[in-house]
Amino acid sequence: MAPRRARKRAEGGASSNVFSMFDQSQIQEFKEAFTIMDQNRDGFIDKEDLRDTFAALGRINVKNEELEAMVKEAPGPINFTVFLTMFGEKLKGTDPEETILHAFSVFDTEGKGLVKADFIKEKLMTQADRFSEDEIKQMFAAFPPDVCGNLDYRNLCYVITHGEEKDK
């Protein structure tokens, strides 16, 4: 009889292992992020850790409700495995990079990898799964338009699908 772990893998159980969703370098990067956020070094991320992380990033007045909502996204205490699972679940619903690039390229008439930020804002707030004003602000805070008001959608798509910026 096969060992229990081998049987589970043969039955398809290995695909549910969150560690199999990422390569070693990605897991290491998530571990570094987790360690940075686990401010009190107790092995769990809680409201106070999030508050301290925001403060370290310059955002001082984070509302308790906002922190509670973040913590409630987890099924229980947020240890590294839960943290990694949450990222895996968020990324699993992401379309392939080519699909996202194609969607943006429809609006890029010159083929330069740029679209007007105002145009994208208007489309995101009026079409399909509409973005709120806060979601738009978050996106532009993470991916600010250039001085001409253009959004580099190629870099945005890369970050959405890979979780990090391309080396330019």
Side-chain angles (χ1 to χ4, degrees), residues 9 12-38 45 49-50 53-59 62-63 66-67 69-75 78-168:
R9 193 173 302 133
S15 65
S16 66
N17 179 356
V18 68
F19 291 93
S20 68
M21 294 177 64
F22 303 104
D23 63 39
Q24 270 312 117
S25 65
Q26 289 173 310
I27 292 171
Q28 185 58 38
E29 288 177 16
F30 283 123
K31 185 66 175 171
E32 289 171 19
F34 180 87
T35 301
I36 289 168
M37 293 177 73
D38 182 18
I45 295 174
D49 290 324
L50 290 175
T53 301
F54 275 117
L57 295 170
R59 188 166 165 215
V62 182
K63 294 185 175 121
E66 189 177 354
L67 297 171
M70 288 179 191
V71 172
K72 284 182 184 174
E73 286 186 40
I78 306 172
N79 62 18
F80 180 65
T81 303
V82 171
F83 181 79
L84 196 59
T85 301
M86 291 171 72
F87 271 97
E89 288 171 354
K90 296 276 186 195
L91 294 174
K92 196 175 3 174
T94 304
D95 288 321
E97 185 176 6
E98 277 306 307
T99 303
I100 301 169
L101 278 170
H102 179 70
F104 275 105
S105 70
V106 170
F107 305 113
D108 181 11
T109 55
E110 296 176 24
K112 294 183 177 180
L114 303 170
V115 290
K116 288 289 182 192
D118 288 341
F119 177 78
I120 290 300
K121 176 183 176 180
E122 188 255 324
K123 292 297 176 203
L124 289 174
M125 293 183 75
T126 61
Q127 309 291 318
D129 292 334
R130 296 179 178 147
F131 276 44
S132 69
E133 188 67 39
D134 282 346
E135 290 169 320
I136 294 292
K137 284 179 186 172
Q138 286 178 339
M139 184 181 81
F140 287 143
F143 302 98
D146 66 17
V147 293
C148 298
N150 294 312
L151 182 67
D152 175 356
Y153 70 82
R154 290 181 182 150
N155 188 43
L156 173 64
C157 292
Y158 188 87
V159 172
I160 289 170
T161 57
H162 294 87
E164 57 191 41
E165 282 198 52
K166 255 186 197 177
D167 293 332
K168 294 188 177 187

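Being a predicted model, the structure only gives us computed values, none of them experimental.
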E135, CD: over 12 other non-hydrogen atoms inside 6.0 angstrom: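 Atom CD in E135 is crowded, with more than 12 foreign heavy atoms closer than 6.0 Å.
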More than 12 heavy atoms of other groups within 6.0 Å of E133 CD: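 Result for CD/E133: enclosed.
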Within 45° of the six-membered ring axis of F140 and under 6.0 Å from that ring's centre, is NZ or CZ of K121 located there?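 No cation-pi geometry.
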4.5 Å side-chain heavy-atom contact, [X] and [Y]:
{"X": "F54", "Y": "M70", "result": "yes"}
{"X": "I120", "Y": "F104", "result": "yes"}
{"X": "Y153", "Y": "I100", "result": "no"}
{"X": "T126", "Y": "E122", "result": "yes"}
{"X": "L156", "Y": "L151", "result": "yes"}

State, to 0.1 Å, how close D152 and N155 come at their nearest heavy-atom pair, and which atoms those are.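 Taking every non-hydrogen atom into account, OD1-N, 3.1 Å.
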Of all heavy-atom pairs between D108 and G113, which one has the smallest distance, and what is that distance?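 Taking every non-hydrogen atom into account, OD2-N, 2.6 Å.
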Measure the [atom1]-[atom2] distance between [X] and [Y] for me, rounded to the nearest 0.5 Å.
{"X": "C157", "Y": "R154", "atom1": "SG", "atom2": "CZ", "value": "9.5 Å"}
{"X": "R130", "Y": "I136", "atom1": "CZ", "atom2": "CD1", "value": "12.5 Å"}
{"X": "I45", "Y": "I78", "atom1": "CD1", "atom2": "CD1", "value": "6.0 Å"}
{"X": "E29", "Y": "Q26", "atom1": "CD", "atom2": "CD", "value": "7.0 Å"}
{"X": "K31", "Y": "L84", "atom1": "NZ", "atom2": "CG", "value": "10.0 Å"}
{"X": "I36", "Y": "D49", "atom1": "CD1", "atom2": "CG", "value": "12.5 Å"}

Applying side chain to side chain contact (heavy atoms under 4.5 Å, CB included) to S25 and Q28, what does each step give before you reach the verdict? CA-CA 5 Å; S25 65; Q28 185 58 38; 5.6 Å; no
Verdict with reasoning, E66 to R59, per salt bridge (Lys or Arg N to Asp or Glu O under 4.0 Å): CA-CA 13 Å; E66 189 177 354; R59 188 166 165 215; 2.7 Å; yes
Would you please test I27 and F80 for side chain to side chain contact (heavy atoms under 4.5 Å, CB included) and show each step? CA-CA 10 Å; I27 292 171; F80 180 65; 4.2 Å; yes
Can you confirm whether the side chains of D134 and S132 place a donor and an acceptor under 3.5 Å from each other?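 Their side chains do not contain a donor-acceptor pair, so the 3.5 Å distance test is not met.
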Between F83 and F87, is the ring centre distance below 6.0 Å?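 Aromatic pair counts; centres sit under 6.0 Å.
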